Amino acid sequence: MSTPQLEKTYDPKAVEARWSQVWDQQGYFHASPTHPGQPYCIVIPPPNITGSLHVGHALNHSIQDILIRWRRMQGRNVLWLPGTDHAGIATQNVVEKQLMAEGASRESIGRERFIERVWQWKTTYGNTIVSQQKQLGESCDWDRLRFTMDEGLSKAVLEVFVRLHEDGLIYRGERLINWCPRCLTALSDIEVEHEDVKGKLYTIRYPLAKDPTQYLLVATTRPETMLGDTAVAVHPEDERYRHLIDEEVRLPLTTRTIPIVKDAILVDREFGTGAVKITPAHDFNDEKAGERHHLRRISLFNEHAQLSPLGLQEAQVDDAIRGELALTSVQDARGIVVKELDSRGLLAATDPHKMPIGKCYRCKTVVEPFLSPQWFVKIQPLAEPAIEVVETGQVRIIPEGWKNNYLGWMRDIKDWCISRQIWWGHQIPAWYCKGCNADILLSTKPDGTWVIPLEAKPIVAKTPPTHCPNCGGQEFIHDPDVLDTWFSSALWPFSTLGWPEQTPELKKYYPTSTLVTGLDILFFWVARMIMMGLKFMGDVPFRDVYIHALVRDVEGQKMSKSKGNVIDPLHVMEQFGTDALRFTLASMASPGRDIKLAEERIEGYRNFANKIWNAARFAHIYLAGIKESMPPTDRSFPGLWIRSRLNDTIQVVTMELEAYRFDRATNALYHFFWHEYCDWYLELIKPVLQDTMHPQGSATRRMLQETLEVFLRLLHPFMPFISEEIWQTLPHTGETIVTQPYPVTQTDWHDPSSEETFHLFEQCIGLMRTARVLLNYPPGKEVRFFVTHEDPAAIVRLGTLEQELVHLGRGQISLTHVSQRPMSNVLGLIRDGVTVGVSVEGDVDLNKALDRLVKQIAETDRESQRLDGKLKSADFVSKAPPEVITDHQDRLRALSRDRAMLTSSEQQLRAMLGA
RNA sequence: AGGCGGAUAGCUCAGUUGGGAGAGCGCUGCUUUUACAAGGCAGAGGUCACAGGUUCGAUCCCUGUUCCGCCUACCA
């Protein structure tokens, strides 16, 4: 419990450290299926164990924490389930680097010891991000922290794999897959990033077999793959080539001849020469074309993307260049092939050409289409129900614009390659009987890894088989591949809740409520969770998917370490406070727009935190006597007005949270507190508070205390630390703001009358202050004001505010009827019917005031003419709705009323200037 | 190539049944007054990208154009 003596500026560091510890120790975030209330559950998108908190996490987690704290305060049975994922390739890379530094390698220590090393690494470094999350104030149930390689989650993975296999939805196949020659593993389609590069388009002469003096011109961007061509395709309706169909060409640099086939799908007559080489083992389109024409697949490369001697042999490459080509990289091979074609007069042209290339999303190495046996998920049957639940709105995607993005991708989805040739991850639960597969299981790689040919018969089971059901053999080889990390992530919403066990948690919290994520993993993760959730739980994994923006730098560039434009959230939290960072991110989370984050914005909200802090300091000066909260009896204008505004703010914030409009919710909080509560309310009640004998004193102090306390609860999900810190110093019940009820609107707080009065008051004070500035009167100077209004009711209203007008206007106030206002030595300012006259004293420059009046008259005239023009239009009067016409008429009348006053005031000024 | 999004004040962005253009930051002037100079007060600043259309009326709805961004993709 902190003392009410608050420092002059808010120092977040000590406060944050203290409260994160208390919250955690007291178990306020602990969830239980036995708690009361409607369940509200979010599972965190598991950050990867090699990562540390970046600003994207900060945004993602801040939003979730806002939702979670808000729902918790609303009395829901809240569970925010944290965890991390094992990030197969990334983590393996990190540990391999460590080994390399020690002069060792994964291969040298072997699979078992390598995996031990990874676990060791995970224990030492894998929780970095978790402690950083706690620093951000995340109110996760940390007791339930999960990891994708945990025993329970691994059990779920086995269960899912085996059941999908039984259902025929997992199969082994030999197909072209994306292969990273650096990571030495397969990648799924979406783990490949496409990028346009400047390449070259080579046009090559393929001599006709029956007449080698004639050529077919073939264009390609990858000449080195021509060695593996098994056909050339032309369009069936292309007059240029129709006579060549079913003829053969001699494949340059080889001793082979290959057929010319017709293919309307592959060939675009407009592009290049209209003739396309088909290389089924090195291009995804060619693979399909090869199937259509029953072509042989010649795989040229080894796993390092070097030309393999075996491949060169199979391709019947000329002996003369085979030695030169063997074990060269793609780049080198290209040079050799092009040089060789050129020297033989077969290179017809080389043109610059822009083309897309695929890169590994983890290491940015150029990915090769590679022919190899892999495990796949047959995705179509899983995708169909996952499309339906989004179409019917059982899963809502917010903002809705992304829905089509999702549906489009899902409708065109391709089978998912789930096997990875790495060691860190869930090893595939498939075994091969040594006896049955004796003939084909002979080869092993240098590192001891078995190569499992496609023909091998796997036994898929949750536990290793003891004897072969076929031959009774008892020796087995475990499939060396591991599963794609996203395979286990796809089970996250139910595996973390205990599935396949039917735990109370699973029953209570599944389906979860909301998933908060960035667009970048909509396909990687969200789509797959929906498919797996429907398949294994028979229900959607979550009701709402909120997709937030990407955080970019001030210039709108993606943040990256190499560009040096990364904003480190921990540094920002250190500098400006965690609450400021959270509030900033929330305030910028407008739907459908990326966030350009600049430090100045965070500084601005640091100032907001400080403003709240100082308002609390102010309150403490006068709340010393109040030890417990009591219902306010304040019936004064400032109290009723601010309570009405607070009520409205509660309504807006709640509504915007329901709509996931964090930007608008924060704006409402900011505007209310700074520009209504501090600028007006606190200023208005100062005279009452400062007069210890004031009859309204007690009631005013209670209202001050109550409104501040309610505001802090309203603010808490957004700025958890400062709200807790201040709340603790105010009279309160309960031990923490974390579990207090979220404010709800109250009909008797709504007070339109005092809001209307305030509007009038604000205009009046505004004119008084403007007048002071126009006449260069010092702020402290006692000035005499004459306030009038055309509407007698408004004068009565203003009459009740005389004390307040005197206080904030800093001068004497005379409320008079319009006809009675003094006409000499007075500057009159007018706005919306309010007239404020200021006595002109001393030697002041009136030209500034005159300029303002002249300008205002011109504006008034312009607007009057616009309105008058509309009202004179027969079309407008006959077709516009009556209330719009009335409104126009009212505004025109008010303008001409103001104008009369303005010109009269102008004349007075001119008279004074002339004198 | 296709799809989606964006273009509003110097900057970052709000702005829904179409009817007087807003905020924050920055800027200018005044101001150290007892919650806060990380403050207070006042103020300047905008053909709502461009061209058409629908409408009595368009920042908003429709069509087209330009520019920027993102995603998807098999132009070899």
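Scope of the values below: all heavy atoms of this structure, side chains included, with no hydrogens, waters or symmetry mates. In what follows, chains are A, B, ... by sequence order, proteins preceding strands, each numbered from 1. Owing to the predicted nature of the structure, the values given are computational and were not obtained by experimental measurement.
- The stretch residues 408-415 of chain A does not touch RNA chain B, since none of its heavy atoms comes less than 4.0 Å from the strand.
- Using a distance-only test at 3.5 Å, with no hydrogens or angles considered, a donor-acceptor pair links the side chain of Asp283(A) to the main chain of Asp286(A).
- Here the P atom of nucleotide G24(B) and the CD atom of Glu676(A) are 12 Å apart, to the nearest Å.
- In this structure, U28(B) forms a base pair with A42(B), meeting either the Watson-Crick or the G-U wobble geometry with both donor-acceptor distances under 3.5 Å.
- When the P atom is compared between G2(B) and C74(B), the two are found 16 Å apart, to the nearest whole Å.
- Proximity of the aromatic rings of His694(A) and Tyr622(A) is defined here by a centroid distance below 6.0 angstrom, and this criterion is not met.
- Not a single donor-acceptor pair, N or O on each side, falls under 3.5 Å between the base of A42(B) and the side chain of Arg769(A).
- Considering only side-chain atoms of Pro881(A), the nucleotide from G40(B), A42(B), G19(B) that sits closest is G19(B).
- Contacts of Arg866(A) with the nucleic acid, taken as non-hydrogen atoms under 4.0 Å apart, involve only primed sugar atoms and P, OP1 or OP2.
- Rounding to whole angstrom units, CZ of residue Phe673(A) and C1' of G24(B) are separated by 18 Å.
- Within 4.0 Å of Arg222(A), counting heavy atoms only, lies no atom of the nucleic acid at all.
- The six-membered or imidazole ring of Phe523(A) lies away from that of Tyr406(A), with a centre-to-centre distance of 6.0 Å or more.
- Under the Watson-Crick or G-U wobble criterion, with both distances below 3.5 Å, G18(B) is left unpaired in every strand shown.
- Using cut-offs of 30° and 60° on the angle between ring planes, the pair Phe608(A) and Phe583(A) is tilted.
- Using cut-offs of 30° and 60° on the angle between ring planes, the pair Phe672(A) and Tyr677(A) is tilted.
- For Thr770(A), whose side chain is taken as the heavy atoms from C-beta onward, the closest listed nucleotide among G24(B), C56(B), G43(B) is G43(B).
- In this pair, Tyr660(A) and Phe662(A) present their aromatic rings perpendicular. The plane angle is above 60°, beyond the 30 to 60° band.
- With A35(B), C74(B), A76(B) as the choices, the nucleotide that has an atom nearest any side-chain atom of Asn285(A) turns out to be C74(B).
- The residue Lys686(A) sits close to a base: some heavy atom pair falls under 4.0 Å.
- Distances were taken from every side-chain heavy atom of Asp196(A) (C-beta onward) to each of C56(B), A35(B), A73(B); the shortest belongs to A73(B).
- Minimum atom distance to the side chain of Lys879(A) is reached by C56(B), of the listed C74(B), C56(B), G19(B).
- Set against G40(B), G43(B), C36(B), the side chain of Trp674(A) has G40(B) as its closest nucleotide.
- A gap of 38 Å separates the C1' atoms of C50(B) and G29(B), to the nearest Å.
- The listed nucleotides are C36(B), A14(B), A76(B); the one nearest the side chain of Arg661(A) is A14(B).
- When the nucleotides C25(B), C71(B), C75(B) are ranked by their closest atom to the side chain of Tyr670(A), C25(B) comes out on top.
- Closest contact between the side chain of Ser873(A) and the listed nucleotides A14(B), C36(B), C56(B) involves C56(B).
- Residue contacts shown for Ile278(A) are absent, as no nucleic acid heavy atom lies under 4.0 Å away.
- In the set G39(B), A35(B), A76(B), G39(B) carries the atom at the smallest distance from any side-chain atom of Asn607(A).
- Pair assignment for C50(B): G64(B), on the basis of Watson-Crick or G-U wobble contacts that are both within less than 3.5 Å.
- Side-chain N or O atoms of Asp579(A) include one that pairs as donor or acceptor with a backbone N or O of Ile722(A) at under 3.5 Å.
- In this structure, Glu863(A) contributes its side chain and Ala858(A) its backbone to no donor-acceptor pair below 3.5 Å.
- Taking 3.5 Å as the limit, the base of C36(B) and the side chain of Lys8(A) contain no donor-acceptor pair of atoms between them.
- With a 3.5 Å ceiling on both atom-pair distances, the Watson-Crick or G-U wobble partner of U12(B) is A23(B).
- Distance check on atom C1': G6(B) versus G45(B) gives 24 Å, rounded to whole Å.
- Without hydrogens or angle criteria, Asp263(A) side chain to Ile265(A) main chain gives a donor-acceptor distance under 3.5 Å.
- For the pair Glu599(A) CD and U12(B) C1', the interatomic distance rounds to 15 Å; values are reported in whole Å.
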